[in-house]
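The first residue of the sequence shown is numbered 1, and numbering continues consecutively from there. Computed from heavy atoms alone, side chains included, the values below leave out hydrogens, waters and symmetry copies. Since we're looking at a predicted model, the values are computed, not measured.
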Amino acid sequence: FFGDGFARQFNITFTDKDGNVHTVEGGRLVLKTGKSGSVSIASQRLVSDPDAFKNATLVAGATYMFYLTGDGELYAWGDNRYGVLGLGATPAVVDTPTFVMSGVAKVVTSAANAYENGDTTFSTAILTTDGRLFTVGRNTCGQLCRNGQSDDATLGEVKLDFKVADVSLGHDHLLIVDTNGNLWGIGSNAYGALGTTNLGGNVTSLVKLDTNVAFASAGRRSTVYVKNDGTLWGVGDNRWKKMSQNHGEQIHTPVQILKDVEFLDSGEHQVLAVDHTGQLYYSGWRTLHGFNQGGGNNPTFVPVMKNVK
């Protein structure tokens, strides 16, 4: 029996023919029998190493989960429609954490925001430690960056002429930052999240959005990203003024939002950013006080907490 990345020690418990229960802690267990039949072994995985979960990451989709260990091993479980877990088209449901691949730097999956309305646009992108990109799942807008606009339930590598430094996946558009700091996008451009290329339709081949980019985050219909100088920029869906109070419902050319940003994340209609002082900012379609739908907040980005790491 060999460890699978989650465990550092195995306890193996079995019952012999006389009904006696035996436990073996680690090591090697050899079972010999003179009769045909089956042997059932129940194993319990124990974590004895305090660093076992150091730098580990959990990523949640609408009805499925990913677990990325600190040493780059990726596991997945839950709803596997469209092969979104990276384990192939079957089974339809994976009920235990199952190994997907090693050498993984980051995993992202499509926003779950529309699932409550019956939308199952499930896609996943996996960035490896050597800068390669793999995608799987729904591809209605070309967001897999391969296979045209046809869904693909088999995890496949995206053929690129550059190495990838960062990746983000919104509802149905994909963002890629290469190792030279170029920001690329593909997929739905319904609200201008990919700039002016085929505005209102789909962008089915990579388009360059900006340069000198450190990292990016895809919302449902918006794109936000941080440049190497720490400035935060946004483009796309600006309904409820979630990126800027000074623009209309759509922003087609990136606008600067904040400065000195070191962390960024976005959801359906909200953005979280942390600056170099540890100040956490929130913007979104829900007002900060009262949680009412409406015009968002004014100013757009509201400081909500200090000393955030």
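The line from CG of Asp260 to NE2 of His276 is 4.5 Å long, rounded to the nearest 0.5 Å. One finds the CG atom of Leu272 at 9.0 Å from the OG atom of Ser217 (value rounded to the nearest 0.5 Å). With values rounded to the nearest 0.5 angstrom, Leu206 atom CG is found 9.0 Å from Asp161 atom CG. Here Asp151 contributes atom CG and Phe122 contributes atom CZ; the two are 12.0 Å apart, rounded to the nearest 0.5 Å. The structure places CE of Met243 at 14.0 Å from CD of Gln256, a figure rounded to the nearest 0.5 Å. Summarising the geometry, atom CZ belonging to Arg220 is positioned 5.0 Å from atom NE2 belonging to His171; distances are rounded to the nearest 0.5 Å.
Here the side chain of Ser222 pairs no donor or acceptor atom with the backbone of Gly236 at under 3.5 angstrom. Side-chain N or O atoms of Thr124 include one that pairs as donor or acceptor with a backbone N or O of Val84 at under 3.5 Å. Judged by distance alone, the side chain of Thr223 and the main-chain N or O of Ala193 form a donor-acceptor pair under 3.5 Å. Asn180 places no side-chain N or O within donor-acceptor distance of the main-chain N or O of Asn182, the cut-off being under 3.5 Å. Using modelled atom types, one side-chain atom of Ser244 and one backbone atom of Asn246 make a donor-acceptor pair closer than 3.5 Å. No donor-acceptor distance shorter than 3.5 angstrom exists from the side chain of Ser266 to the backbone of Gln270, with no hydrogens or angles considered. Without hydrogens or angle criteria, Ser110 side chain to Ser123 main chain gives a donor-acceptor distance under 3.5 Å. Between the side chain of Lys241 and the backbone N or O of His247, at least one donor-acceptor pair lies under 3.5 Å. A donor-acceptor pair is defined here as one N or O able to donate and one able to accept, closer than 3.5 Å; no such pair exists between the side chain of Asn307 and the backbone of Gly278. A donor-acceptor distance shorter than 3.5 angstrom exists from the side chain of Asn189 to the backbone of Thr197, with no hydrogens or angles considered.
Between Lys242 and Asp237, at least one side-chain nitrogen of the basic residue sits less than 4.0 Å from a carboxylate oxygen of the acidic one, meeting the salt-bridge criterion. Using a cut-off of 4.0 Å between Lys/Arg side-chain N and Asp/Glu carboxylate O, Arg221 and Asp172 are scored as salt-bridged. Using a 4.0 Å cut-off between charged nitrogen and carboxylate oxygen, Asp178 and Lys163 do not count as a salt-bridge pair. Checked for salt-bridge contact, Asp130 and Arg132 meet the test: a charged N lies under 4.0 Å from a carboxylate O.
With 3.5 Å as the limit, one finds a donor-acceptor pair spanning the side chains of Thr121 and Asp119. Counted by atom type alone, Asn80 and Tyr64 present zero donor-acceptor pairs between their side chains at under 3.5 Å.
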(request) Evaluate the side-chain hydrogen bond (donor to acceptor under 3.5 Å, both in side chains) criterion for residues Asn202 and Thr204: first the C-alpha distance (whole Å), next the side-chain angles of each, then the deciding distance (0.1 Å), finally the verdict. (result) CA-CA 6 Å; Asn202 296 324; Thr204 55; over 6 Å; no
(request) Would you check, one step at a time, whether the test side chain to side chain contact (heavy atoms under 4.5 Å, CB included) holds for Thr98 with Leu87? (result) CA-CA 8 Å; Thr98 302; Leu87 299 169; 4.0 Å; yes
(request) Please report the C-alpha distance between Asp95 and Trp77 in whole Å, then the side-chain angles of each, then the deciding distance to 0.1 Å, and finally whether the side chain to side chain contact (heavy atoms under 4.5 Å, CB included) criterion is met. (result) CA-CA 6 Å; Asp95 57 9; Trp77 65 99; over 6 Å; no
(request) Just do the side chain to side chain contact (heavy atoms under 4.5 Å, CB included) check on Asp152 and Arg146 with the steps written out, would you? (result) CA-CA 9 Å; Asp152 194 342; Arg146 60 181 184 85; 2.7 Å; yes
(request) Might you work through the side chain to side chain contact (heavy atoms under 4.5 Å, CB included) test for Leu258 and Thr231, ending with a clear yes or no? (result) CA-CA 6 Å; Leu258 290 175; Thr231 55; over 6 Å; no
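Screening Val107, Leu85, Val59 for a side-chain contact (heavy atoms from CB on, under 4.5 Å) involving Leu74 leaves a single residue, Val107.
Tracing side-chain contacts under 4.5 Å through hydrophobic residues (I, L, V, M, F, W, Y), one reaches Val158 starting from Leu169; they form part of the same cluster. Under a hydrophobic-cluster definition in which Ile, Leu, Val, Met, Phe, Trp and Tyr are linked whenever side-chain heavy atoms come within less than 4.5 Å, directly or via other members, Trp240 and Val271 are assigned to different clusters. A single hydrophobic cluster is seen to contain both Phe66 and Leu68, as judged by linkage of ILVMFWY side chains at heavy-atom distances under 4.5 Å, directly or through other members. Transitive grouping of hydrophobic side chains (ILVMFWY, heavy atoms separated by less than 4.5 Å) keeps Leu133 and Leu209 in distinct clusters. A continuous path of ILVMFWY side-chain contacts below 4.5 Å connects Val108 to Leu160, so both sit in one hydrophobic cluster.
The heavy-atom pair separating Val136 from Thr154 by the smallest distance is CG2-C, 3.7 Å. In terms of heavy-atom proximity, Gly148 sits nearest to Asn139 at O-ND2, 2.9 Å. In plain terms, the two heavy atoms of Ala125 and Thr135 that are nearest each other are CB-CG2, 4.0 Å. The heavy-atom pair separating Lys106 from Val167 by the smallest distance is NZ-O, 3.0 Å. Contact record, Pro303 with Gln279: CB-NE2, 3.3 Å, taken as the closest heavy-atom pair. Closest approach of Leu183 to Val177, counting heavy atoms only: CD1-CG2, 3.8 Å.
The closest side-chain heavy-atom distance from Leu174 to Leu144 is not below 4.5 Å. Side-chain contact check for Glu262 versus Val274: every heavy-atom pair is 4.5 Å or farther apart. The closest side-chain heavy-atom distance from Glu73 to Tyr67 is not below 4.5 Å. For the pair Leu264 and Leu232, the minimum side-chain heavy-atom distance is below 4.5 Å. The closest side-chain heavy-atom distance from Leu194 to His173 is below 4.5 Å. Side chains of Ser168 and Tyr225 form no contact here, defined as non-hydrogen atoms less than 4.5 Å apart.
For Glu249, the CD atom sits in a loose shell: 12 or fewer heavy atoms of surrounding residues, nucleotides or ligands are nearer than 6.0 Å.
Proximity of the aromatic rings of Phe215 and Phe263 is defined here by a centroid distance below 6.0 angstrom, and this criterion is not met. Proximity of the aromatic rings of Phe162 and Trp184 is defined here by a centroid distance below 6.0 angstrom, and this criterion is met.
A cation-pi contact, defined as under 6.0 Å to the ring centre and within 45° of the axis, links Arg138 to Tyr82.
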